Amino acid sequence: MKLRYNYRLYPDIAQQQMLAKTFGCARVVWNDALGARKAARKAGLPFIGDAAIQRLVLTQAKRTPERAWLGEVSSVVLQQSVRDLNTAYKNFFDSVSGRRRGRKMGLPVFKSRHDHRQSARFTSNAFRLTGAGSLYLAKIGEVEVRWSRELPVAPSSVTVVKDAAGRYFASFVIEVPDDGQVLPGCYAEVGIDLGLAYYAILSTGEKIANPKWLRRREKKLARLQRSLSRKRKESANRDKARVMVARQHAKVADARRDFLHQTTTSIIRENQAVHIEDLAVRGLARGRLAKSVNDASWGAFAALLAGKAARRGRTLTKVERWFPSSRLCPCCGWKNGKLALEVRAWDCPSCGEHHDRDLAAAINILLEGQRITGTTVAAGLAGHGINDCGGQVRPGKATPSPAPPETCDARAA
Ligand SMILES: [Zn+2]
């Protein structure tokens with residue numbers, strides 16, 4: 001499986017200029033290739049194949065005075081740019097023909113010199129990790145890297161990125177063996193209810209506060225945004241103001257990413273099976289709570305859980321979005337009418353149990369997940385079991401079993 005590792009880069013001034021040139025050339029080659037294919041299509045000519053397009057926008061173009069400067073940067077990067085475009089086309093064709101699952105892919109688009117995120121990809125013959133701890137890039141030299149964590153194996157390519165906040169990153173794609181990161185088995189199992197009042201409530205009763213990254217910086221961002229809008233177009237001050245806004249957004253994104261990684265890592269580490277709701281995030285993100293929903297990044301949370309579960313040998317179950325997790329009594333299965341959003345707790349009219357709304361939802365998600373998978377990690381051990389007919393049994397009334405090990409360190413039998 002492929003994993004991505006990102007590190008901050010600190011190129012010096014000369015290297016920054018050379019990188020700017022490299023980004024520019026990679027962009028021009030991409031645009032030339034895309035333009036040639038679009039023109040061919042317009043003229044009713046056949047699609048220009050991968051080898052032909054490379055000859056056209058690289059080999060032949062370099063011989064013309066208009067494109068001679070392409071020779072100043074690493075040819076590997078330019079070839080890669082054409083290859084990336086070919087991949088984008090392939091994804092589009094596969095998406096149209098139904099060979100590619102997931103979201104519909106659009107046609108590749110032109111890149112602009114005004115894009116605030118620029119990148120270039122170096123494949124193995126154009127970069128090297130030096131013994132001195134820096135990163136050697138073809139035609140650019142040795143660039144200082146902050147190695148925030150160890151690279152597990154030698155990378156096959158590196159993408160150098162300059163983001164809108166003016167920061168440089170090296171992004172490595174690493175091929176790791178599929179079972180290389182499997183954790184020892186453990187007994188714990190958890191249901192997760194995602195929300196806005198709390199970020200997540202676990203069926204264990206643990207509540208994870210909502211950091212509201214964007215909301216917390218909203219005032220400052222609004223002030224910077226106003227300052228930006230007052231600056232004259234194309235002025236140096238406007239550029240400075242734009243970077244200030246981008247830096248604030250980068251801080252929000254960094255804090256959010258750290259939180260999502262830490263939270264999902266600890267959930268996967270501590271539980272053998274994780275059950276969550278399959279939220280229609282795209283739909284929710286259009287409604288009245290759009291800003292908060294986007295800020296919460298539930299989609300990214302679920303995607304990280306899924307990736308880590310697969311990598312670490314854990315199971316992740318998604319409960320259908322129509323499952324009424326917040327309306328069922330986890331003890332007796334009684335189904336409530338719709339609860340108003342402000343109702344935080346309720347008493348079951350059938351069995352009389354008092355429920356914290358979110359905790360009950362998390363437990364329901366756990367039970368439904370167990371029903372879907374038809375098993376429990378250690379049936380009854382956690383106190384929530386499934387009876388013979390697949391119905392839910394009252395927590396605490398499941399068949400008593402030996403106590404589970406306290407931690408995940410112990411290997412499951
Ligand atoms: Zn009940």
Side-chain angles (χ1 to χ4, degrees), residues 4 6-11 16 19-20 23 27 103 106 109-119 146 148 159-169 171 192-201 207-264 277 279-305 340-342 344 358:
R4 198 167 269 291
N6 293 316
Y7 302 92
R8 191 81 186 266
L9 283 181
Y10 297 92
Q16 288 179 21
L19 276 170
F23 294 147
R27 184 183 65 237
R103 189 151 56 102
V109 294
F110 287 109
K111 294 186 176 181
S112 161
R113 54 187 306 204
H114 298 296
D115 287 347
H116 294 311
R117 184 186 180 279
Q118 309 210 39
S119 66
R146 201 174 71 93
S148 42
T159 303
V160 176
V161 178
K162 185 188 180 195
D163 74 1
R167 302 174 303 177
Y168 292 84
F169 295 93
S171 179
I192 305 174
D193 181 52
L194 295 170
L196 290 174
Y198 282 94
Y199 190 86
I201 305 238
K207 298 185 172 187
I208 300 170
N210 187 349
K212 300 185 180 170
W213 306 276
L214 193 58
R215 289 276 183 219
R216 277 208 323 241
R217 289 175 195 266
E218 219 165 25
K219 267 194 187 142
K220 185 157 192 197
L221 259 170
R223 186 161 51 72
L224 291 170
Q225 200 80 54
R226 273 198 304 279
S227 143
L228 169 63
S229 64
R230 281 197 298 264
K231 300 283 187 294
R232 201 158 39 81
K233 283 233 162 88
E234 315 264 334
S235 70
N237 276 335
R238 188 184 178 88
D239 225 40
K240 267 185 227 156
R242 188 187 53 71
V243 172
M244 294 282 279
V245 172
R247 278 212 186 119
Q248 275 305 307
H249 277 297
K251 273 186 190 166
V252 171
D254 287 354
R256 186 186 285 135
R257 190 180 328 107
D258 286 350
F259 169 89
L260 291 176
H261 269 293
Q262 279 164 16
T263 312
T264 51
E277 245 175 322
L279 289 165
V281 178
R282 252 157 225 270
L284 288 169
R286 276 195 292 267
R288 195 167 49 85
L289 295 169
K291 221 174 191 181
S292 300
V293 170
N294 278 321
D295 196 15
S297 302
W298 291 326
F301 179 83
L304 282 176
L305 273 184
L341 211 58
E342 61 273 15
R344 304 316 307 168
D358 300 321

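Predicted model only: the values in this text are computed from it and were never measured.
Under the side-chain contact (heavy atoms from CB on, under 4.5 Å) criterion, D163 pairs with A165, R167, F169, not counting sequence neighbours. Among residues two or more places apart in sequence or in another chain, the side-chain hydrogen bond (donor to acceptor under 3.5 Å, both in side chains) test is passed with R215 by E218, S292. A search for side-chain contact (heavy atoms from CB on, under 4.5 Å) contacts involving N210 returns L196, Y199, K212, not counting sequence neighbours. Judged as a side-chain contact (heavy atoms from CB on, under 4.5 Å), and not counting sequence neighbours, A303 has no contacts. The side-chain contact (heavy atoms from CB on, under 4.5 Å) check on N6 picks up R4, S171, with sequence neighbours excluded.
Inter-residue side-chain proximity for S297 and L260 is flagged as met; some heavy-atom pair is nearer than 4.5 Å. Between R117 and K162, the closest side-chain pair of non-hydrogen atoms is not below 4.5 Å. When side chains are defined from C-beta on, T263 counts as touching I208, because their heavy atoms get closer than 4.5 Å. In this structure, L9 and L19 have side chains that are not in contact, with every pair of non-hydrogen atoms separated by 4.5 Å or more.
Atom OG of S119 sits about 5.0 Å away from atom NZ of K111, to the nearest 0.5 Å. Between the CG atom of L221 and the CG atom of L214 there is a distance of 6.5 Å, given to the nearest 0.5 Å. Note that CZ of R146 and OH of Y10 are 5.5 Å apart. Values are rounded to the nearest 0.5 Å. Summarising the geometry, atom CH2 belonging to W213 is positioned 12.5 Å from atom CG belonging to D254; distances are rounded to the nearest 0.5 Å. Note that CZ of F301 is 12.0 Å distant from NE2 of H261, once rounded to the nearest 0.5 Å.
Electrostatic pairing of R242 and D239 counts as a salt bridge here, judged by a charged N lying under 4.0 Å from a carboxylate O. Electrostatic pairing of D358 and R344 counts as a salt bridge here, judged by a charged N lying under 4.0 Å from a carboxylate O.
Of all non-hydrogen atoms in A209 and P211, the two that sit nearest each other are O-CD, 3.3 Å. Closest approach of A200 and L194 over heavy atoms only: CB-CD2, 3.9 Å. Taking each heavy atom of V161 and F23 in turn, the nearest pair found is C-CZ, 4.4 Å.
In terms of modelled atom types and a separation under 3.5 Å, the side chain of Q16 and the main chain of P11 share a donor-acceptor contact. Looking only at distances, a side-chain donor or acceptor of R256 sits under 3.5 Å from a matching main-chain atom of D295. A donor-acceptor pair under 3.5 Å links the side-chain atoms of D115 to the main chain of S112, judged by distance alone.
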Show, in sequence, the C-alpha distance, side-chain angles and deciding distance for K220 and Q248, and conclude whether the side chain to side chain contact (heavy atoms under 4.5 Å, CB included) test is met.
CA-CA 8 Å; K220 185 157 192 197; Q248 275 305 307; 3.6 Å; yes

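Atom CZ of F259 has more than 12 heavy atoms from other residues, nucleotides or ligands within 6.0 Å.
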Only pairs under 3.5 Å count here: list side-chain donor-acceptor contacts from residues 222-235, not counting sequence neighbours, and write none if there are none.
residue, atom, partner, partner atom, Å
S227, OG, K231, NZ, 3.3
S229, OG, R226, O, 2.8
K231, NZ, S227, O, 3.3
S235, OG, R232, O, 2.7
S235, OG, R238, N, 3.1

